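Take this structure first; my questions come after.
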Amino acid sequence: MPEMPEVETIRRSLAVRIQGLTIKETTIKLARLIKWPTLHEFSASIYGSTIIRLERRAKYLLFYLDNEKVLVVHLRMTGRLNYVSEGKPKDPYSRIIFHFTNGDSLEYADTRTLGTLYLMPATELNRIYGLISLGPEPLSDEFTFDYLLSLVLKRKGKIKSLLLNQKAIGGIGNIYADESLSLAGIHPARVACTLTVIEVEKLHSAINEVIKKGIEEGGTTFRDYRDADGNKGRFQQELTVYGRKGDPCKTCGTDVMRTEVAGRGTHFCPNCQK
DNA sequence: ACAGGAACCTGATAGC
DNA sequence: TGCTATCAGGTTCCTG
């Protein structure tokens with residue numbers, strides 16, 4: 001479900017709620033979502049720990065605990081994190097619940113159950129391959145024009161595949177890939193290494209602009225994304241192509257097309273994107 | 001080394 | 001109404 005702007009919005013809304021709270025017991029309704037360690041160790045290690053801070057790396061959330069451990073959560077397609085005040089109704093797809101000593105709880109809910117949770121010593125986070133192998137993320141100092149150019153020049157695959165490749169760039173998903181390519185005027189199926197320097201410049205600033213705006217607008221609620229307090233995002237109002245199949249392009253009026261690129265539903269304006 | 005496709009899951013919606 | 005097909009914001013594993 002969520003991409004970098006959605007995960008960042010969840011982080012911001014959740015951090016102010018949970019920092020300093022202490023976890024008592026954990027209710028685990030779907031154990032297979034916990035990838036490490038064993039069920040017993042997971043519950044035992046987290047019991048009595050206090051959340052010091054909440055960080056994000058690309059689409060991963062990292063809950064730093066006062067016992068030198070880190071709870072790592074990846075929401076995949078439909079994961080949600082709900083801060084639930086005492087006595088409030090629970091999400092029907094609630095899978096794992098962390099109960100705090102103040103009576104409130106943090107609920108991990110997930111319709112399609114593809115999400116993943118880990119509890120790792122802070123010194124062993126490098127054992128999570130998807131986390132350690134992440135490329136630089138948009139808006140960071142490492143994500144420079146030169147970096148993107150060097151990446152693009154050596155790739156023979158489609159440009160959209162590159163944007164979705166988390167080892168190349170961390171944090172972009174299907175919505176923001178389509179929106180970035182739309183803003184840059186580049187067709188998603190273009191072979192990466194055929195892009196001109198000017199096009200790479202446009203793409204570099206388009207990615208940063210779209211991700212920045214996405215965060216400012218609190219993410220995109222296309223279906224069921226919500227922040228930790230249950231609020232919807234606002235970026236869906238700004239979408240130029242994603243989810244707009246058959247609707248007129250906001251620039252030229254041509255019907256927005258939907259095809260499949262890199263195995264994903266892909267939206268673009270056939271007139272504006274070459 | 002890299003690209004493409006299937007697999008993992010469940011539910012919502014569109015079309016007949 | 002009810003059935004079927006398609007689609008879904010992601011990642012990983014396998015194959016070629």
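Chain identifiers are assigned alphabetically (A, B, ...) following the order of the sequence lines, protein sequences preceding nucleic acid strands; residue numbering begins at 1 within each chain. Predicted model, so just to flag it, every value in this text is computed and none were measured.
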Fill in: Ring-face cation contact, A:Tyr64 with A:Arg53, 6.0 Å cut, 45° max
yes
Do any N or O atoms of the protein come closer than 3.5 Å to N or O atoms of nucleotides 9-13 of chain B, and which pairs are they?
| unit_1 | atom_1 | unit_2 | atom_2 | d |
| --- | --- | --- | --- | --- |
| B:dC9 | O2 | A:Arg112 | NE | 2.9 |
| B:dC9 | N3 | A:Arg112 | NH2 | 3.1 |
| B:dA12 | O4' | A:Arg223 | NH2 | 3.2 |

Discussion item. Between A:Gln166 and C:dG10, is there a contact of a side-chain N or O with OP1 or OP2 at under 4.0 Å?
Written reply: no
Fill in: Short side-chain N/O contact to C:dG10 OP1/OP2 from A:His74, under 4.0 Å
no
Worksheet item: Considering only the P atoms, how many Å lie between B:dC9 and C:dC13, rounded to the nearest integer?
Response: 14 Å
Worksheet item: For DNA chain B, what are the stems built from at least three Watson-Crick or G-U pairs in a row, each pair having both distances below 3.5 Å?
Response: B:2-8 with C:10-16, B:10-16 with C:2-8
Item to complete: For this output row, return yes or no: ring centroids of A:Phe63 and A:Phe98 closer than 6.0 angstrom.
Response: no
Worksheet item: Base, sugar-phosphate, or nothing for A:Tyr242, non-hydrogen atoms under 4.0 angstrom?
Response: sugar-phosphate
Every protein N/O within reach of nucleotides 3-7 of chain B N/O, cut-off under 3.5 Å:
| unit_1 | atom_1 | unit_2 | atom_2 | d |
| --- | --- | --- | --- | --- |
| B:dA3 | OP1 | A:Lys156 | N | 3.3 |
| B:dA3 | OP1 | A:Gly157 | N | 3.1 |

Worksheet item: Can you check whether A:His74 and A:Tyr118 have ring centres sitting under 6.0 Å from each other?
Response: no
Worksheet entry | Nearest-Å distance for atom pair CG/P, residues A:Asp110 and B:dC8 | 17 Å
Worksheet item: Under 4.0 Å: is that the gap between some side-chain N or O of A:Lys59 and OP1 or OP2 of C:dT11?
Response: yes
